Amino acid sequence: MNDQQLDKAISKLAPQIAPKRDLWPNISAQLETAVQHEAVETPPDTTKSARWYWGVAAMLGLLSVFGWQQALLPGTTSTTAAMPSAELMLLQLYEQQKATQLSQMVAVAEGFDNWQQQIRVWDQAIAQVRQALAFYPDEPQLLAQLQSLYQQQLSYLQQATLQQPLLIS
């Protein structure tokens with residue numbers, strides 16, 4: 001159907017459609033029935049206020065339980081805050097092993113002339129992972145990546161100086 005045929009079909013329609021009978025008596029009867037049903041049912045104010053009181057009672061109960069738990073167990077929060085993070089433990093272990101390897105360094109193996117530049121590259125990568133860990137502390141994938149970078153750097157130092165291997169456990 002094109003636009004002209006559509007316009008013709010629209011012009012043939014009646015401009016107004018009126019119902020065959022008066023609809024208002026049925027509508028008013030339904031409205032009156034609905035108002036009577038609302039008057040018979042429990043007023044919504046008492047239901048809402050009862051729910052509100054139960055909600056307040058539940059909230060106060062929870063607060064008292066949490067307060068009681070904190071009063072009985074005050075040391076639980078302080079000990080968890082004092083525990084070192086996994087990142088900090090990795091960093092301490094890594095720095096200790098790196099310092100040990102560098103202190104035992106007597107000469108650089110052949111082919112490792114740019115070892116200091118390579119160590120700086122690893123240090124940059126480690127710094128980026130540690131920066132991500134600042135946003136997502138104790139994230140397992142980031143911690144695994146950090147440990148991997150530390151292990152690679154220690155392994156590289158061991159190869160460059162021909163030392164015995166030191167492993168992060």
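Being a predicted model, the structure only gives us computed values, none of them experimental.
Going from atom CG of Leu133 over to atom CG of Leu88 covers 11.5 Å, rounded to the nearest 0.5 Å. To the nearest 0.5 Å, atom CD of residue Glu95 and atom OG1 of residue Thr100 are 10.5 Å apart. The structure places CD of Gln152 at 12.0 Å from CG of Leu157, a figure rounded to the nearest 0.5 Å. Atoms OG and CE, from Ser64 and Met59 in turn, are 11.0 Å apart once rounded to the nearest 0.5 Å. In this structure, CG in Leu93 is found 10.0 Å from OH in Tyr150, a value given to the nearest 0.5 Å. Atom CZ of Arg120 and atom CD of Gln153 lie 11.5 Å apart (nearest 0.5 Å).
Closest approach of Ala134 and Pro137 over heavy atoms only: O-CD, 4.2 Å.
At most 12 non-hydrogen atoms from other residues, nucleotides or ligands lie less than 6.0 angstrom from CG of Asp3. Taking a 6.0 Å sphere around CD of Gln5, one finds it holds more than 12 heavy atoms contributed by other residues, nucleotides or ligands. Other residues, nucleotides and ligands place more than 12 heavy atoms under 6.0 Å from the CD atom of Gln117.
With respect to Asp123 and Lys98, a salt bridge is recorded, a charged nitrogen being found less than 4.0 Å from a carboxylate O.
The aromatic ring centroids of Trp122 and Tyr156 lie less than 6.0 Å from each other.
Side chains of Arg130 and Leu142 form no contact here, defined as non-hydrogen atoms less than 4.5 Å apart. Contact annotation: the side chain of Tyr94 approaches that of Ile126 to within less than 4.5 Å [non-hydrogen atoms, C-beta and beyond].
When hydrophobic clusters are built by joining Ile, Leu, Val, Met, Phe, Trp and Tyr residues whose side-chain heavy atoms come closer than 4.5 Å, directly or via intermediates, Leu91 is grouped together with Tyr136.
Distance alone, capped at 3.5 Å, places no donor-acceptor pair between the Ser155 side chain and the Gln151 backbone.
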